[in-house]
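Please find one structure pasted underneath; my questions will follow.
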Amino acid sequence: MNKNKSFQHKIIYGGCMIVLLIAISLISRPATTAEDNPGGMLAQMRKEYHISDAELGKVDPASEAMRLSLLGLDGVAITFLWNNLNEYQKTEQYTLMEATARTISYLNPHLLKVWEFQAWNMSYNVSREFDNYKHRYLWVKRGIEYHMDGTEYNYNEPRMMNSIAHFFGNKFGIADEKVEYREIFPTDRLFHAKIQEHLDRSGLDVVQNASGVVEGNPDNWLVARLWDLWATDTLDNERGSIGAMSPTIFYQYPAKRLMNFGEAIEKEGHISEKAKSAWAQAFSEWNEYGDHEMPSTYGISIKLNDADRLNKEIKVDQEEFDKKYGQYVDVIYQEKLGKLPEESKIAVETDPESRTDEQRSLAFEAERSLRVSEFDVVKYMRDNNIDGTLEASKLANKLDQEKFLRGVIDRQKDIVAFNYWRTRAESEMTDRNLEARKLVFDAHEAYKDANLVKARELYEQAWDKWAAIYEDYPALRDDSSADVLADSIKEYRSLLNQFDEDISPSFPLLDILKNNTDDFVEPTWNPDDEAAKEVPQEKPADDSEKAPMKEEAKSEEKPAEEPMKAEPETTEPMKSEPMATETKEAEPMKEPPMEPKSEDTKPMEESPAAEEAETPAEKPVEKPAEPMEAEKPKEEKSDS
């Protein structure tokens, strides 16, 4: 009896297995080229959602064979190989490490994070183990080549293309070895050919579409831009997805790479029409980016440039609402104020400067509740049966929708600093900005060559231009370009210190230096320095050296003809002079030298001689030593 039951169970299990196998074969039946054979359910679903291997990327026979031979245990194999890879890296067997990384990718070629992580591992971790920058460049290149190979298995993955763009831009353009990398990359023809093999599918050309300063030599920032263009085109044509990545951030990159390129070549001294053209093109593409319709996290599509239009519409509608229904605002406010607790009323009516901490908290909450919105006005009109309530309600709803949409757009604009980069590109593409950057670069080169006089002259010309630029574009003062300019201002200050001088507190770009310096020291400044510099500017154009020297010993108000007669004079002729002159020259005699009352007397009081004569007749004799007096302020600055 038991044997019969056991046999029956086997028959049942066997029948179930046959039924399941038939069902699986029908569901997973592959599609063929014949129109009447679309394949099983799984094949049809893969085609509908574009997830078949043929649509995701090329089908590699070796990869497929490895996956089939593991009978679904490819996850276990990947874990085992990953441990081996880490061991190879620890023991510095980098060639075996790279081969193992490729094997892992073949086992699961559609896992994007594997490609990205191992590319980063080779380009960043392995490359730094070498001292020679050429060896480092080799491993950076290997990491990028590995990452680009991933696109062969993932044609329609804009996230992967965007990641590759970051490698080209950041590793070659921002790393510590960027100077050396940017020298090697433009002439690495074999690498360019490898890049072109992968970009062929996009229709972009490395040499023609990414030429840098030298025609035919690609620039790493422009190559990064090609990958970004391919990524955005893939997404626009709905061939791929960016997952949880922000569309606002994703779509900005093609224009931003142009800005990076323009900034990079200007720092390297290629301040020419090439840089100006890059900024002009970036400005145009940035505006196109602002007009691009993108989805937002609120489930609505937005255009960043619509913020300007919405601001105008809100202003018109708000003025209309206030004109028609503004008379009810004060009434509603008074009603709300009357309902407040007594202590809150007192806090609101108390002067903000005189409020206690408790009153500040009460006033903050009370002022929030006292705000009168458009809907408060509509409710008041409805409750009091005032005519025009329907029109007021429609206008209030329109204003609310406009303000909500503007708020969404403004938040997205803040994420990418949209207004700043538009202003930056607009300013950078002007001839004035080009000249200002050229002056700063030339001044830096002169400083490196120890030509301090020329460097100072060029810097001072540049500051005038930069002051005018920041006056026209004040938003640029707090940006990254101001941070770069701060380095030049620091160098200028160091240059002045070699002349025993310092920058003035009225220096037009002092705030940039202050905001971008951790250990900022206020400039040392003596008003006597300014007076000492102003006196020589008022000297007459005369070949004689004695006349100007004697003229400085007297009041500035005295005629230019007088100094020639002043040398033999004694104290009595001074008494016969006009009252204004007499007062100025008499003060040094009556008052102690430590308490000057006019800037004109200060240079005379700073004489280095310990036995300085106090009679007016002796002062003209001391004045020829003006060069020594001019050095006095410098020594004081150096001591401070």
Would you confirm whether the ring centroid of W463 sits within less than 6.0 angstrom of the ring centroid of W466? no

Atom CD of Q252 and atom OG1 of T232: how far apart are they, to the nearest 0.5 Å? 12.0 Å

Quick one: side chain to side chain contact (heavy atoms under 4.5 Å, CB included) partners of N162, sequence neighbours excluded? H166, D228, M245, F250, Y253

Which residues pass the side chain to side chain donor-acceptor pair (under 3.5 Å) test with Y492, sequence neighbours left out? E460

Going through the checks in order, is the side-chain hydrogen bond (donor to acceptor under 3.5 Å, both in side chains) test met by Y298 and R411? CA-CA 11 Å; Y298 292 88; R411 282 187 284 273; 3.3 Å; yes

Contact between V207 and H192 at the side-chain level, heavy atoms closer than 4.5 Å - yes or no? no

Residue pair L226, F168: steps toward the side-chain contact (heavy atoms from CB on, under 4.5 Å) verdict: CA-CA 10 Å; L226 297 185; F168 276 106; over 6 Å; no

Would you check if the distance from the ring center of W286 to the ring center of F418 is below 6.0 Å? yes

By side chain to side chain donor-acceptor pair (under 3.5 Å) - contacts of E183 (at least two apart): none

Y181 six-ring face occupied by K171 cation (under 6.0 Å, within 45°): no

Is the backbone N or O of S123 less than 3.5 Å from a side-chain atom of S127, with the two atoms forming a donor-acceptor pair by type? yes

Identify the two heavy atoms, one from A436 and one from A462, that lie closest to each other, and give their separation to 0.1 Å. O-CB, 4.1 Å

Charged N to carboxylate O below 4.0 Å: is that the case for R437 and E263? no

Measuring from Q412:CD to T248:OG1, what's the distance to the nearest 0.5 Å? 3.5 Å

Rounding to 0.5 Å, atoms CG (L258) and CH2 (W221) come to a distance of 11.5 Å

Plane angle bin for F167 and Y124 - parallel if under 30°, tilted between 30 and 60°, otherwise perpendicular: perpendicular

Using the side-chain hydrogen bond (donor to acceptor under 3.5 Å, both in side chains) rule, take Q318 and K403 through it: C-alpha gap first, then chi angles, then the decisive distance, then the call. CA-CA 11 Å; Q318 190 68 60; K403 290 178 180 179; 3.1 Å; yes

So E374 and D400, do their side chains get closer than 4.5 Å, heavy atoms only? no

Side chains of V329 and D322, heavy atoms from C-beta outward: is any pair under 4.5 Å? no

Mind checking salt bridge (Lys or Arg N to Asp or Glu O under 4.0 Å) for K398 and listing every partner two or more places apart, or none if nothing turns up? D317

Working to the nearest 0.5 angstrom, can you tell me the gap between I489 CD1 and S494 OG? 13.5 Å

Taking the six-membered ring for Trp, are F283 and W279 closer than 6.0 Å centroid to centroid? no

List for me each residue that meets side chain to side chain donor-acceptor pair (under 3.5 Å) alongside D472, sequence neighbours excluded, and say none if there are none. R432

Heavy-atom side-chain proximity of L452 to R456 below 4.5 angstrom: no

With sequence neighbours excluded, tell me which residues meet salt bridge (Lys or Arg N to Asp or Glu O under 4.0 Å) with K141. D188

State the CG-CD distance between D308 and E313, to the nearest 0.5 angstrom. 11.5 Å

Would you check, one step at a time, whether the test side-chain hydrogen bond (donor to acceptor under 3.5 Å, both in side chains) holds for N237 with D233? CA-CA 6 Å; N237 288 285; D233 179 70; 3.0 Å; yes

Could you tell me if the side chain of M161 sits less than 4.5 Å from the side chain of T234, heavy atoms only? yes

For a 4.5 angstrom cut-off between non-hydrogen side-chain atoms, does E285 reach R225? yes

Pair D511 + K514: basic N to acidic O under 4.0 Å: no

Decide yes or no on side-chain contact (heavy atoms from CB on, under 4.5 Å) for R424 and M259, but give the supporting numbers first. CA-CA 9 Å; R424 172 82 183 277; M259 298 178 189; 5.8 Å; no

pair D306-L405: side-chain heavy atoms closer than 4.5 Å: no

With E491 via side chain to side chain contact (heavy atoms under 4.5 Å, CB included) - residues at least two apart: H444, Y447, Y459

Is the CG atom of D351 crowded by more than 12 outside heavy atoms at less than 6.0 Å? yes

Salt bridge flag under 4.0 Å for residues R182 and E268: yes

Do H147 and E116 have side-chain heavy atoms sitting under 4.5 Å apart? yes

Salt-bridge test for R422 and E288: reply yes if a basic N is under 4.0 Å from a carboxylate O, no otherwise. no

SB check R360 E365 (cutoff 4.0 Å): no

Evaluate salt bridge (Lys or Arg N to Asp or Glu O under 4.0 Å) for E457 paired with K454, printing each intermediate quantity in order. CA-CA 5 Å; E457 178 184 351; K454 182 180 179 182; over 6 Å; no

Do side-chain atoms of N497 reach the backbone of D500 as a donor and acceptor pair under 3.5 angstrom? no

Partner set under salt bridge (Lys or Arg N to Asp or Glu O under 4.0 Å) for E349, not counting sequence neighbours: none

I need the minimum non-hydrogen distance between F172 and I144, along with the two atoms involved. CE1-CD1, 3.7 Å

In chain order, what residues pass the side chain to side chain contact (heavy atoms under 4.5 Å, CB included) check against P247, with sequence neighbours excluded? I242, Y251, M294, P295

Would I302 and E293 satisfy side-chain contact (heavy atoms from CB on, under 4.5 Å), going step by step from the backbone distance to the final call? CA-CA 6 Å; I302 60 171; E293 187 171 334; over 6 Å; no

Looking at residues at least two apart in the chain, or sitting in another chain, which of them share a side chain to side chain contact (heavy atoms under 4.5 Å, CB included) with E215? S211, K274

In short, A486 meets N516 closest at the heavy-atom pair CB-CB, 3.6 Å

Side chain to side chain donor-acceptor pair (under 3.5 Å) partners of E435, counting only residues at least two apart: K465

Nearest 0.5 Å, what's the CG-CG distance between L229 and N209? 8.5 Å

Applying salt bridge (Lys or Arg N to Asp or Glu O under 4.0 Å) to E319 and not counting sequence neighbours gives none

Taking the six-membered ring of F520 as reference, does the cationic atom of R493 (NZ for Lys, CZ for Arg) lie under 6.0 Å from its centre and within 45° of its axis? yes

